[in-house]
Amino acid sequence: VTVVPLAVNTEIYRPADASTVEEVRRKHHVSQHYFLFVSRVDVKKNIENLVRAFGAFKEARGFGDPHELVIAGPSGFGFASFKALVDASPVRSSIHLLGAIGEREKIALYTGALGYVNLSWYEGFGLTPLEAAACGTPSLLSDLPAHREVMGDGAIYVSPKAPEAIAAAWKRFAEESTHRREILAKAQECIMLFSWEKSARDTWEVLRGVRAPEHLFTPKL
């Protein structure tokens, strides 16, 4: 078995210009201080603890805290229960469920976010944190092998099981801009390890290695 990883096209995924970020932010009525989750809104994505951790984070920050949570992605299995949880949250007004979005909007939202947050129960590959880093945004991630294999030291890791602990890590992430910059610098080094050119070369080498000998296809005369 040969593993060929995915990659990020940095010609597409790069910081959006300020006017585009502002346009997309205003379209969705999102403040200037927000954290972003991008993926299918599904059971495996642990949206329940994402929402609960955000509520605990807001409570710790106190009255008047400007931070918001943006959840962008199509509905998946269990969406109705997640929607009910969001609607019942005491910080409902600070949570935006955007649904499916296009690439242009996704890149703009990555660019404008204070941080990308993904608390999935499991992942096959940490693509979205790489996309976020390419757009200039650091990540707070569940402590999973797939996330660590891709992002290394270029992310903050938390247990996906403990909303209060997640909220504490989230608080530091929000309050310390130097901390975010240090994490982002390491994350952007990770991007260099993944490219479609390398993935294509590795795939071609696998295909060359399993190619059957030509004489097997020589017709008998």
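We count residues from 1, following the sequence as given. Both backbone and side-chain heavy atoms feed into the values below; hydrogens, waters and symmetry mates do not.
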Here the salt bridge (Lys or Arg N to Asp or Glu O under 4.0 Å) pairs for residues 123-133, sequence neighbours left out, are Lys45-Glu123, Lys106-Glu131
Pair Arg180 + Glu176: basic N to acidic O under 4.0 Å: no
side-chain hydrogen bond (donor to acceptor under 3.5 Å, both in side chains) partners of Ser139, counting only residues at least two apart: none
How many angstroms lie between NZ in Lys44 and OG in Ser39, if you round to the nearest 0.5 Å? 7.0 Å
Could you tell me whether the side chain of Thr2 reaches within less than 4.5 Å of the side chain of Asp202, counting heavy atoms only? no
Hey, what do you get for CD1 (Ile101) to CG (Leu109), rounding to the nearest 0.5 Å? 5.0 Å
Heavy atoms only: give me the nearest Pro163-Asn49 pair and the separation to one decimal. CG-OD1, 3.5 Å
Using the test side-chain hydrogen bond (donor to acceptor under 3.5 Å, both in side chains), find all partners of Asp153 that sit at least two apart in sequence or belong to another chain. none
Taking all heavy atoms of Thr137 and all of Gly115, pick out the closest pair and write down the distance. CG2-CA, 3.5 Å
When rounded to the nearest 0.5 angstrom, what distance separates CG in Leu184 from SG in Cys135? 10.5 Å
Do Leu6 and Met151 sit in one hydrophobic cluster, given that two such residues count as connected whenever their side-chain heavy atoms are within less than 4.5 Å of each other, even indirectly? yes
Between Trp170 and Leu69, is the side-chain contact (heavy atoms from CB on, under 4.5 Å) condition met? List the steps. CA-CA 12 Å; Trp170 208 328; Leu69 174 62; 4.2 Å; yes
For residues Ala53 and Ala167, report the shortest heavy-atom separation together with the two atoms involved. O-CB, 3.5 Å
Would Asp143 and Leu141 count as a side-chain contact (heavy atoms from CB on, under 4.5 Å) if you check the C-alpha gap in whole Å, the side-chain angles of each, and the deciding distance to 0.1 Å? CA-CA 6 Å; Asp143 196 353; Leu141 306 173; over 6 Å; no
Are Val21 and Leu114 connected in a single hydrophobic cluster, I mean Ile/Leu/Val/Met/Phe/Trp/Tyr linked by side-chain heavy atoms less than 4.5 Å apart? no
Can you sort out the partners of Arg201 under salt bridge (Lys or Arg N to Asp or Glu O under 4.0 Å), two or more places apart, ordered by chain and number? none
Any pair with a residue in residues 181-195 that passes salt bridge (Lys or Arg N to Asp or Glu O under 4.0 Å), sequence neighbours left out, goes on the list, sorted by first then second residue, please. none
Trp196-Tyr13 co-clustered via ILVMFWY side chain contacts under 4.5 Å: yes
Mind listing the closest non-hydrogen atom pair of Ala169 and Leu140 along with its distance? CB-CD1, 4.2 Å
For Ile191 and Ala133, work out which heavy atoms get closest and say how close. CD1-C, 3.7 Å
Is there a path from Tyr110 to Ile12 through hydrophobic residues (I, L, V, M, F, W, Y) whose side chains come within less than 4.5 Å of each other? yes
Nearest 0.5 Å, what's the NE2-CD distance between His33 and Glu68? 9.5 Å
Would you indicate whether the side-chain heavy atoms of Val8 and Leu127 approach each other to under 4.5 Å? yes
Grab the two heavy atoms, one from Thr111 and one from Ala16, that are nearest each other, plus how far apart they are. OG1-N, 2.9 Å
Check: Asp65 main-chain N/O paired with Lys58 side-chain donor or acceptor under 3.5 Å: yes
Are there over 12 heavy-atom neighbours, none belonging to Glu175, within less than 6.0 Å of that residue's CD? yes
Do Val41 and Ser75 have side-chain heavy atoms sitting under 4.5 Å apart? no
Would you say the side-chain atoms of Arg14 pair up with the backbone N or O of Ala134, donor to acceptor, closer than 3.5 Å? no
State, with a plain yes or no, whether a side-chain heavy atom of Val4 is found less than 4.5 Å away from one of Ser199. yes
Can you tell me how far CD1 of Ile183 sits from CZ of Phe173, rounded to the nearest 0.5 angstrom? 7.0 Å
So, using side-chain hydrogen bond (donor to acceptor under 3.5 Å, both in side chains) as the criterion, who are the partners of Glu48 when residues are at least two apart? Arg52
Any chance you could lay out the side-chain contact (heavy atoms from CB on, under 4.5 Å) test for Leu130 and Val150, step after step, and finish with the verdict? CA-CA 8 Å; Leu130 278 180; Val150 173; 3.5 Å; yes
For a 4.5 angstrom cut-off between non-hydrogen side-chain atoms, does Val86 reach Phe54? no
Rounded distance (nearest 0.5 Å) linking atom CD1 of Ile71 with atom CG of Leu50: 5.0 Å
Sort and list the pairs that fulfil ring-ring contact (aromatic ring centres under 6.0 Å, His included) and have at least one residue in residues 68-93, not counting sequence neighbours. none
Can you pull the salt bridge (Lys or Arg N to Asp or Glu O under 4.0 Å) pairs that have at least one residue in residues 84-99, sequence neighbours excluded? Lys83-Asp87, Asp87-Arg92
Could you list all the ring-ring contact (aromatic ring centres under 6.0 Å, His included) pairs where at least one residue sits in residues 124-150, not counting sequence neighbours? Phe125-Phe194
Ignoring hydrogens and angles, tell me if any N or O in the side chain of Ser142 forms a donor-acceptor pair with the backbone of Pro160 under 3.5 Å. no
Strictly by modelled atom types, are Tyr116 and Thr128 linked by a side-chain donor-acceptor pair under 3.5 Å? yes
For Asn9, give me all partners under side-chain hydrogen bond (donor to acceptor under 3.5 Å, both in side chains), at least two apart in sequence or on another chain. none
Please walk me through it: do His67 and Phe35 pass ring pair (Phe, Tyr, Trp, His ring centres under 6.0 Å)? CA-CA 7 Å; His67 294 88; Phe35 292 91; 5.7 Å; yes
Which residues end up grouped with Leu144 if you chain together Ile, Leu, Val, Met, Phe, Trp and Tyr wherever their side-chain heavy atoms are less than 4.5 Å apart? none
Pairs involving residues 18-28, ordered by first then second residue, that meet side chain to side chain donor-acceptor pair (under 3.5 Å) (sequence neighbours left out): Asp17-Ser19, Asp17-Thr20, Glu22-Arg25, Glu22-Arg26, Glu23-Arg104, Lys27-Glu105, His28-Glu105
Counting only N and O atoms by type, is there a donor-acceptor contact under 3.5 Å from the side chain of Ser195 to the main-chain atoms of Lys198? yes
